[in-house]
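Before any comments, here is the structure.
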Amino acid sequence: MDTTRNRLIRILQDHKTSYISGQNLSEQLGISRAAVWKHMKALEADGYEIDAVPRKGYQVRRSPDKLSKNTLNWKLDTEWIGRKIIFEEELDSTQLLAKALADQGAVHGTVVIADQQTSGKGTKGRSWYSPAGTGIWMSLIIRPEFGPREAAQLTLAAAVALTRVFRQNDIEAHIKWPNDIYLGGKKLAGILTEMQAEQDYIQHIVLGIGININQTVSEINPDIRNKATSLRIETNKEWKRQELIHLIWKEFENVYSLYIEKGFQEIRDEWMQYALRLGHRVKAATPSTVFEAVFRGIGEDGELILENDDGSTQRLYSAELEWKEE
Ligand code: BTN
């Protein structure tokens with residue numbers, strides 16, 4: 001739904017280099033000048049710096065890094081992701097709210113995003129540390145045109161989209177099978193996919209993405225400090241979360257269209273270019289065994305391909321990979 005606030009943000013965006021009068025805004029939006037002024041105050045409370053000059057009007061000098069529904073709408077130019085945004089300062093888990101909303105019929109592309117999660121969920125029942133003000137914690141609701149068998153490929157495609165965004169920003173991120181994003185030998189981001197499906201029909205997929213952005217070393221949970229990192233730690237600078245979020249949504253749309261139009265092949269090739277440890281020995285742990293083999297990439301379904309010491313190949317849909325850095 002296009003609210004007055006969203007329309008106001010878009011108009012201000014189009015007047016980045018000039019002032020727009022309160023009268024003009026009130027006419028375009030069909031609201032009183034007093035109501036325009038109230039909206040401006042709300043934007044300021046969200047961290048926008050607004051120049052209000054008598055007889056000239058309003059101009060936005062700076063949009064904030066503070067996440068809010070407004071800042072997330074600011075300069076948004078996606079086609080379908082984020083057209084509906086649910087933002088909360090604090091949630092137990094964006095994943096839980098997104099699943100509930102998806103059950104109630106939330107549209108394809110709806111995003112649930114929180115500044116902080118008190119009970120963030122990782123894969124395999126683990127928890128995901130999600131402190132306030134420093135990370136991107138969001139869940140995308142997808143209603144795909146393909147069947148449940150392809151869902152794992154979508155998760156791999158999401159990892160490709162994230163890696164593309166990092167690389168476009170000169171960040172040498174890699175993917176650890178299946179979809180952990182690594183930087184400097186440590187985990188930077190993770191993806192959790194949860195699906196509601198019948199035998200051959202997906203009702204919805206909730207794709208949870210967690211990225212450590214502006215944490216310092218002391219802000220990384222001590223229990224995982226030796227294996228987790230943030231963009232700030234690796235690049236020595238702070239990043240604007242809201243800009244990265246928009247880049248990720250845009251890139252996810254690109255990868256999604258590529259997948260729908262051409263299938264998994266090209267995404268799979270790209271995934272392999274970003275893969276950590278391709279062609280090297282790894283230790284693979286499944287619920288029943290741990291063994292060593294050479295990592296040969298992913299197959300047509302996105303499954304893990306390993307080459308055993310006797311030259312035979314095995315394909316696994318679920319395993320954890322480990323190795324010692326050389
Ligand atoms: C992993 O364990 O690698 C996956 C982590 C996924 C974390 C994200 S943060 C947003 C969404 N909400 C959650 O509770 N988890 C996912």
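Read the numbers this way: they start at 1 and go in the same order the structure lists the ligands and their atoms.
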Which atoms from ligand 1 have a heavy atom of [X] less than 4.0 Å away?
| X | value |
| --- | --- |
| S93 | 12 (N), 13 (C), 14 (O) |
| T94 | 10 (C), 11 (C), 12 (N) |
| G120 | 14 (O) |
| I191 | 3 (O), 4 (C) |
| D180 | 3 (O) |

### Query
For the side chain to side chain contact (heavy atoms under 4.5 Å, CB included) test, which of I142, L162, T78, I209 pairs with F252?
I142
### Task
For a side chain to side chain contact (heavy atoms under 4.5 Å, CB included) with Y58, tell me which candidate from V53, L43, V36 qualifies.
V36
### Query
Considering distance alone, does some N or O of W128 sit under 3.5 Å from an N or O of ligand 1?
no
### Message
Would K176 and W323 count as a cation-pi pair here, with the cationic atom under 6.0 angstrom from the ring centre and within 45° of the axis?
### Response
yes
Does the pair [X]/[Y] count as a salt bridge with the N-to-O cut at 4.0 Å?
| X | Y | value |
| --- | --- | --- |
| R164 | E270 | yes |
| E234 | K186 | no |
| R241 | D115 | yes |
| K283 | E292 | no |

Residue-ligand contact [X]/ligand 1, heavy atom below 4.0 Å:
| X | value |
| --- | --- |
| S139 | yes |
| Q117 | yes |
| K187 | yes |

### Query
Considering only the protein, which heavy-atom contact is closest to atom 6 (C) of ligand 1, and what is its distance?
K121 O, 3.6 Å
## Note on the structure
heavy-atom search around atom 2 (O) of ligand 1 in the protein gives T123 N, 2.8 Å
### Task
Could you tell me how the ring of Y256 sits relative to the ring of H108: parallel (under 30°), tilted (30 to 60°) or perpendicular (over 60°)?
tilted
